Amino acid sequence: MTEYHPQELDAKWQKHWADTQAFEVTEDPSKPKFNFLEMFAYPSGHAHVGHVRNYIIGDVVSRLKRLQGFNVLHPFGWDAFGLPAENAAIKNGIHPETSTLGNIAHMKGQLQRLGISYAWGRELATCLPNYYRWNQWLFTRMFEKGLAYRRRSTVNWCPVDATVLANEQVVDGACWRCGTAVVQKDLEQWFFKITHYADDLLHAAEGLSKWPEKVLTMQRNWIGRSEGAKVKFPIQGEDASIEVFTTRIDTIYGATFVMLAPEHGLVTSFAKQSQDEKAFMEKAQRFRSQDRAGRLTGEVAKEGFFTGRFAINPFTHKPVPIWVANYVLGEYGTGAVMAVPAHDDRDLDFATKYDLPIVTVVNDDGVLVESGKYDGRLADDARRAITEEAEERGIGEGTVQFRLKDWGISRQRYWGTPIPMIHCPVDGVVPVPDDQLPVTLPNITEFTGRGDSPLASVPEFVNVACPKCGGPARRETDTMDTFVDSSWYFYRFADAHNDQMPFDPKKVAYWCPVDFYSGGIEHAILHLIYSRFFARVFHDLGMTEHTEPFTHLLTQGMVLKDGAVMSKSKGNVVDPDSMIQKYGSDALRLYVMFVAPPEKEVEWSDSGLEGSFRFLARVWRAADQWREQAMVSGSGAVEHASLTAAERAMRRKTHDTVRRVTQDIDVRQQMNTAVSAMMELVNELYAFTDKGERSAQAPKVAREAIEALVVMLSPFAPHTMEELWQMFGHQGGLAGAAWPVCDADVAKAEELEIPVQVNGKLRGRVTVAPDITDQELEALALADPNVHRILRKLAEGELDSFGDISTLADPAVVA
RNA sequence: GCCGGGGUGGCGAAACUGGCAGACGCACAGGACUUAAAAUCCUGAGAGGGUAACCCCCUCGUGCGGGUUCGAUUCCCGCCCCCGGCACCA
């Protein structure tokens, strides 16, 4: 009897995998490739079981694919730049590099103790110059193509993190990281022109058939395409006009006033012409400050004030008052809106409050009224016709608006990629030449968190010669948003050590797109839309052949403890290492997969983990019990026909389990039911061992079951299964094993128990051969005493409906 | 408000194409082994009822109310609740 000591097996096999470099791969055109990627990790210090769940999902599929003969790339890396490390440095004086590299070392150890099958030879960390130099290289390419540009704009500013945030990073008016209410600020900023791809990002999403509908919907909403028209309303008494955007140009005859966003450029000039400029601007200013942060608290009442000026409705030719309204957004459309109170609830609210005219121009049947020559036309039709007229008259045009805005990537912080640009008083903005990359982060010893960009305080960094004229110039001191780092790292894994290019296009052509990507739903918009954007940029640079980086996406659910998301601050973190110490890593891996389907949230349970440990010990004992006999009898072919009924049933279960497990992992990614199926197989094996009628071939039958089980369980519990595989006499480890194949003939049932329903209710069961004819089956069903009794009752009218008998395999009806 | 996903035993869940609801596991109970306990192995269990009793049989049961169907956790209509996302986007 060999005892099950999982912790010893963990150590033994982890060493074996490291020594044999078991998971390192190279391009091999003769093999089908499979690229499985889990979202890389922010090195926060410690991984808890919630983080780890995702890595286990990835490992199960990766190990399955290897056993199926795929050339599997399964890499890992670190999203290592970012604010927490810098904020920690301000607090405790430890340099971000020191803390980050320390955290990476610790977390890497945690993942290795779990036995995740990563190709560690390709490990990357975004905070290292050999990675971020390619951010800079790409930035320069984007600058050349006009996809990176600089402009002054109103930005979201987090006062606590002391930096700009992208719109995507503002959640409910607050900073996505620290939760502080975001304020608006005017700054000169670098932007990536993601809007260039807005339409393509939207349309191509339709083709992402293996992405969750939820994520696609979120992306669609985020891009927010709407078709409409821009129309100019001349300003009375001036040779100027206000351009509005509307999706309902068919209601333009009902536009009884015009509204400007408080940020609109005309607000300042109207203020100057007003009687009290100061009061005017104060009101506008108040609306602006309400804009984002104010909405966090919920309802901000609609408010506005009359500018004192009028515009001319270009269709009714009547003067309409111009108002400033707090619910008109400066950054959407043209920042000005025509108000049609009769056909827009918001405008109606506003018009009612300020007693502005309401004119109905579309009746209940969708037909235009009070609309001049368009009276009697259907709204849809009128929309086209009025747009055409506006175009002919040169006062408007049909257009498409997106909610998506360009991505502001400048950050006034230290711990990020330096933007590789130089400001020259003579030549303007000049990129750092490629042969001078990387622009490395200077070492800073004191982190204060005050003032401008920390890099601005390092004179030897800031003061440089202009690459063009050689004159004195000033280096850009902002760093890049860390989402730049994560928008293309999946390509770097295909060629992680290239020092000439971000990657060799040939290697990416082999490994990419990523076949299977898994990670948290919280990245549904930010990271996934930016990555899709970068994939298009690389494509347009001629470096890749595809535009969609991730073929299959799985968003895994979180692990809760006591009903809440695990977090250090809540103190409900479950540490994988303590679980491994108690039960071994395999039990932890198995439990996390068994408890629920991957995309579902789960509640952590210590006793559930213990159950998984018990199961592994049970598998171990079964294998141990049969080992000697199995070794003696060898693994040669079994003569199926000469087996006892119990042996045939055992084989049937084995092959049927192979079918189910393969389907569950490979096709459905329902790891929990795959584990259930294997538990059933083990239960069957115990029953067979205990009391099944056995022939001389029994050890072969048991061996077949056990070896299939060992291979199928190995993605979940690799250490234990490697050991059992070796115990059954196999050399070279599971790397040499093949995924079992279901023999359909063996898996087929010899007899079927068929439930018999009468009027949809179960009334009996008959046991039959699988090749029975319908007539025979019906006769047998009718012969069942209970079925017979019920049918007689029906015939006697005791029950009020007609008899309808059906067998589940083969529904049949009798009167 | 809009969009997406859910609601099934004491608990986590399963049911893949409209066909035996609750597989598998946790917790629980009983038995075997043991001086005893732990571990292990075996057995039981949706709720209610019928039968002296066993085999068994009946009724109800997948958030609520309707519908389609021989038959609905599954499809259709209406509603309630929970989770996630978006939210003055003109």
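This one's a predicted model, so the numbers in the text were calculated from it and none came from an experiment. Note on naming: letters A, B, ... go to the chains in the order of the sequence lines (proteins, then strands), and numbering restarts at 1 for each one.
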Interatomic distance at C1', C42(B) relative to C58(B), whole Å: 31 Å
Measure from the side chain of E680(A), starting at C-beta and using heavy atoms only, and say which of C24(B), C88(B), A90(B) lies closest. C24(B)
Can you measure from CG (L201(A)) to OH (Y530(A)) and round to the nearest 0.5 angstrom? 12.0 Å
Spacing of the P atoms in A15(B) and U73(B) (rounded, Å): 16 Å
Has R668(A) got a side-chain N or O lying under 4.0 Å from the OP1 or OP2 atom of A15(B)? yes
Can you tell me which stems RNA chain B forms when a stem means 3 or more consecutive Watson-Crick or G-U pairs under 3.5 Å? B:1-7 with B:80-86, B:10-12 with B:24-26, B:28-32 with B:40-44, B:46-50 with B:56-60, B:63-67 with B:75-79
Name the closest nucleotide to the N326(A) side chain, picking from C42(B), C88(B), A90(B). C88(B)
Could you state the atom-to-atom distance from CG of L216(A) to C1' of C86(B) in whole Å? 15 Å
Residues of residues 616-627 of chain A with any non-hydrogen atom less than 4.0 angstrom from an atom of RNA chain B: list those, numerically ordered, please. R618(A), R621(A)
Checking A13(B), A90(B), G25(B) against the side chain of N683(A) (C-beta onward), the nearest is G25(B)
Using heavy atoms and a sub-4.0 Å distance, could you list which residues of residues 252-262 of chain A are near RNA chain B? By number, please. none
Taking atom types as modelled and ignoring hydrogens, do the side chains of T689(A) and W626(A) form a donor-acceptor contact shorter than 3.5 angstrom? yes
M218(A) CE - G5(B) C1' separation (whole Å): 12 Å
Give me the ring orientation class for F350(A) and Y354(A): parallel if the planes are under 30° apart, tilted from 30 to 60°, perpendicular past 60°. tilted
Rounded to whole Å, how long is the line connecting atom CZ of F402(A) with atom C1' of A90(B)? 16 Å
Rounded to whole angstrom units, what separation is found between the CD atom of E522(A) and the C1' atom of C86(B)? 17 Å
Sugar-phosphate or base contact per nucleotide [nucleotides 26-31 of chain B; S, B, -; heavy atom under 4.0 Å]: SS----
Closest to the Q670(A) side chain, choosing from G4(B), A90(B), A14(B): A14(B)
Give a yes or no on whether the backbone of E303(A) and the side-chain of N326(A) come within a donor-acceptor separation of less than 3.5 Å. yes
With C1' as the reference atom in both, quote the distance from A36(B) to G44(B) in angstrom, rounded to an integer. 25 Å
Atom P, compared across C20(B) and U62(B): separation rounded to whole Å: 15 Å
Out of G25(B), C41(B), C86(B), which has the shortest distance to the side chain of R403(A)? C86(B)
Between G85(B) atom C1' and E213(A) atom CD, what is the distance in whole Å? 13 Å
Can you tell me how far C1' of A39(B) sits from CD of E3(A), to the nearest Å? 11 Å
Is K600(A) near enough to G6(B) that one of its side-chain N or O atoms lies under 4.0 angstrom from OP1 or OP2? no
N/O (side chain, Y686(A)) to phosphate O (OP1/OP2, C42(B)) under 4.0 Å: no
So which nucleotide from A13(B), C24(B), G4(B) ends up closest to the side chain of A596(A)? A13(B)
Roughly how many Å apart are U51(B) and G65(B), using the P atom of each and rounding to a whole number? 31 Å
For atom CG of L713(A) and atom P of G25(B), their distance in whole Å: 13 Å
Listed by chain and number, what are the side-chain hydrogen bond (donor to acceptor under 3.5 Å, both in side chains) partners of E610(A), not counting sequence neighbours? Y583(A)
Scan P212(A) against the nucleic acid and name what it touches under 4.0 Å (heavy atoms): base, sugar-phosphate only, or nothing. nothing
Torsion-based syn/anti label for G61(B), 90° from 0 as limit: anti
On a whole-Å scale, what distance lies between the P atoms belonging to G9(B) and A23(B)? 13 Å
Should the pair E601(A)-R53(A) be classified as a salt bridge under the 4.0 Å nitrogen-to-oxygen rule? no
When the C1' atoms of U8(B) and C24(B) are compared, how many Å lie between them, rounded to an integer? 16 Å
Assert: residue with more 5' nearest nucleotide on RNA chain B, out of E601(A) and I521(A), is E601(A)
For residues 676-688 of chain A, which side-chain N or O atoms pair as donor and acceptor with protein atoms under 3.5 Å away, sequence neighbours left out?
from	atom 1	to	atom 2	distance (Å)
S676(A)	OG	N672(A)	O	3.1
E680(A)	OE1	K653(A)	NZ	2.9
E680(A)	OE2	R660(A)	NH2	3.3
N683(A)	OD1	R618(A)	NH2	2.8
Y686(A)	OH	R618(A)	O	2.7

For nucleotides A32(B) and G25(B), find the distance between their P atoms and express it as a whole number of Å. 23 Å
Under 4.0 Å: is that the gap between some side-chain N or O of T673(A) and OP1 or OP2 of A23(B)? no
From A90(B), C24(B), G4(B), pick the nucleotide closest to the side chain of Y332(A)? A90(B)
Among T251(A), V231(A), I252(A), whose side-chain contact (heavy atoms from CB on, under 4.5 Å) with I386(A) holds? I252(A)
Taking donor-acceptor contacts at under 3.5 Å, does the side chain of S676(A) reach the base of A23(B)? yes
Looking only at the side chains, is there a donor atom on one of D606(A) and Y591(A) sitting less than 3.5 Å from an acceptor on the other? no
So which nucleotide from G4(B), G12(B), A13(B) ends up closest to the side chain of K214(A)? G4(B)
Does a side-chain N-to-carboxylate-O contact under 4.0 Å join R383(A) and D380(A)? yes
Distance check: side-chain N/O of N672(A) vs OP1/OP2 of A14(B), anything under 4.0 Å? yes
